[in-house]
Amino acid sequence: MNLTNKVLFGMALGIAVGLFFNLSGLNAAGSFINEYIVNGLFHTIGKLFVNALKMLVVPLVFFSLICGVCGIGNIKTLGRVGSKSFVLYMLTTAVAIAVAITVAALSGIGKGMNQVTDATFTGKDAPPLTDVLINIVPTNPINAMASGDMLPLIFFSIILGISILMVGEKAKKVIDSAEVANEIMMKMVGIIMAVAPYAVFALIAKSMADLGLDLLAQLAGYVLVLVGVLMLHLFITLMFVLKVFSGLSPMIFLKKIRGAQIFAFSTASSNATIPVTLRTVTKRMGVNNSVGSFTVPFGATINMDGTAIMQGVATVFIANVYNVDLGIVGYLTVILMSVLASIGTAGVPGVGLIMLSMVFYQVGLPIEGIGLILGVDRLMDMIRTAVNVSGDAVVSSIVAKSEGKMDINVFNDPDAGVIDTSEFMHIDTTTRK
Ligand code: ASP
């Protein structure tokens, strides 16, 4: 079995075991299974794996961006790649939420529900746009790295790359070293991915065991519409955009993105998935590192189609529950706010709810209404994160293709970039001598 199939198997087994614990009542609070297996073993294995992925994000983005900028070698091209990806990211997000609002409004979810919730939710403020812009330039790059802030890290790495290019011949050794460092980081991604089948099993089994199934049934309308629009966006809108703008085959794309989607689904974090997304687009799809090293971390931070869809559906749902008529202006505000909020918030678990509270505040919906959907949000977060990273990969492919920075043979080769786990068993030590 190859690694992707093993991961898929781990995921299926995780769903089965988790649901079994859940439905059989074995996971009741205080039980042996709950304390030692779900919150002990599964939790620890899952967390270790997510930590390992996060550990790679900063050095990987740093080195691959330096190589990327030096690879592009031209500031004009760099600007073009930046603006193209920005526009595409914003456009796809805006389309996503507009479709979400339309479908949710047509379906009438939440009408007549009039349910009072005892779960309370107090919204946190998303950072104001001015702060987001100001913070793009770090006062201290080490600080930005230490706290894993993507936009300032991207900014610093790009300026560094440009300066290396400007120094020219004398800096050749630095470029070579960055390339070696980048290759080493990619190997680390490979090593960590080799244990993914077990980790994905643990992460998913825990999520499923903890799932509030009765809540899921209560909120069936919301969940069905939300998942429906997420699938519509992934399989129809994004694939249409990919085909029209790049001519690439959606079938091949969907096959190759599956691995990254599973990681996103298991971790519920686009940021933690960056190493896998970057590896997928560069090694499996043939996107040149000069484009992917920028578009992937950039997208993980500013592009959240799935999250925007959740916000659209949740807004309509809660407006209906509370009998509030937002009107066309209200909904346009929702679209604008969601797109803007996605720029300033990082792709980490649960951040969508913070963005939602910002949107609600703007249009005057009761923030505590978010409490209604809180119980099912983890599962929804997992699904929407898979859509978020798919959007990042679509835009990366389109931009790379339009810049002539895509190796079409790699894209079409089904085996390109597949991880060979046996490689780790035979490490060549001859170079040490
Ligand atoms: N977890 C999502 C992501 O990382 C963001 C969210 O919707 O909460 O992309």
Side-chain angles (χ1 to χ4, degrees), residues 50-51 53-83 85-87 89-90 123-168 170-171 173-175 177-178 181-182 185 269-275 277-278 289-304 307 337 339-352 354-355 357-358 392:
V50 175
N51 281 359
L53 280 175
K54 285 189 186 161
M55 167 181 90
L56 301 181
V57 172
V58 172
L60 181 64
V61 169
F62 180 65
F63 289 121
S64 70
L65 253 179
I66 293 178
C67 299
V69 173
C70 294
I72 283 194
N74 176 331
I75 297 189
K76 243 198 190 149
T77 317
L78 200 65
R80 219 174 37 231
V81 167
S83 27
S85 45
F86 182 76
V87 170
Y89 280 143
M90 293 300 104
K124 264 197 239 153
D125 290 336
L129 196 61
T130 42
D131 282 4
V132 173
L133 289 176
I134 292 170
N135 290 335
I136 289 180
V137 183
T139 48
N140 180 341
I142 306 291
N143 237 342
M145 287 186 193
S147 45
D149 290 340
M150 256 334 112
L151 293 182
L153 173 62
I154 292 177
F155 181 84
F156 178 71
S157 314
I158 290 181
I159 296 282
L160 186 63
I162 293 174
S163 311
I164 293 174
L165 277 181
M166 286 166 72
V167 169
K170 261 196 282 180
K173 279 208 178 100
V174 180
I175 302 183
S177 311
N182 188 32
M185 291 312 302
S269 166
S270 315
N271 262 27
T273 312
I274 287 176
T277 319
L278 188 55
N289 181 55
S290 58
V291 172
S293 66
F294 170 72
T295 52
V296 169
F298 192 46
T301 315
I302 73 156
N303 181 51
M304 295 184 193
T307 306
M337 288 311 296
V339 175
L340 289 182
S342 69
I343 301 179
T345 40
V348 293
V351 76
I354 297 176
M355 292 157 69
S357 61
M358 184 179 162
D392 301 343

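Distance alone, capped at 3.5 Å, places no donor-acceptor pair between the N143 side chain and the P138 backbone. Side-chain atoms of S269 come within 3.5 Å of backbone atoms of G347 as a donor-acceptor pair (strictly under, hydrogens ignored). Listed for the S290 side chain is no donor-acceptor partner under 3.5 Å among the backbone atoms of V69.
Between G292 and L278, the shortest heavy-atom contact is O-CD1, 3.4 Å. Between S64 and N182, the closest heavy-atom pair is CB-OD1, 3.3 Å. Shortest non-hydrogen contact noted between A178 and I66 is CB-CG2, 4.0 Å. Closest approach of P152 and N135 over heavy atoms only: CG-O, 3.4 Å. Across every non-hydrogen atom of L65 and I154, the tightest pair is CD1-CA, 3.7 Å. When all heavy atoms are compared, the tightest approach of F294 to V81 is CD2-CG1, 4.0 Å.
Considering CD1 of I158 and OG of S163, their distance stands at 11.5 Å, rounded to 0.5 Å. The structure places CD1 of I164 at 11.5 Å from CD1 of I159, a figure rounded to the nearest 0.5 Å. Atom CZ in R80 sits 12.0 Å away from atom OG in S85 (nearest 0.5 Å). In this structure, CD1 on I72 lies 12.0 Å from SG on C67, to the nearest 0.5 angstrom. Taking CG from L160 and CG from L165, the interatomic distance works out to 10.0 Å, rounded to the nearest 0.5 Å. Taking CE of M90 as the start and CG of L340 as the end, the distance is 8.5 Å to the nearest 0.5 Å.
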V167 and V174: side chain to side chain contact (heavy atoms under 4.5 Å, CB included), yes or no, with the steps? CA-CA 10 Å; V167 169; V174 180; over 6 Å; no

Applying side chain to side chain contact (heavy atoms under 4.5 Å, CB included) to D392 and F298, what does each step give before you reach the verdict? CA-CA 8 Å; D392 301 343; F298 192 46; over 6 Å; no

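At a threshold of 4.5 Å between non-hydrogen side-chain atoms, the residues N303 and S342 do not count as touching. Using a 4.5 Å heavy-atom cutoff, the side chains of V57 and N271 are not in contact.
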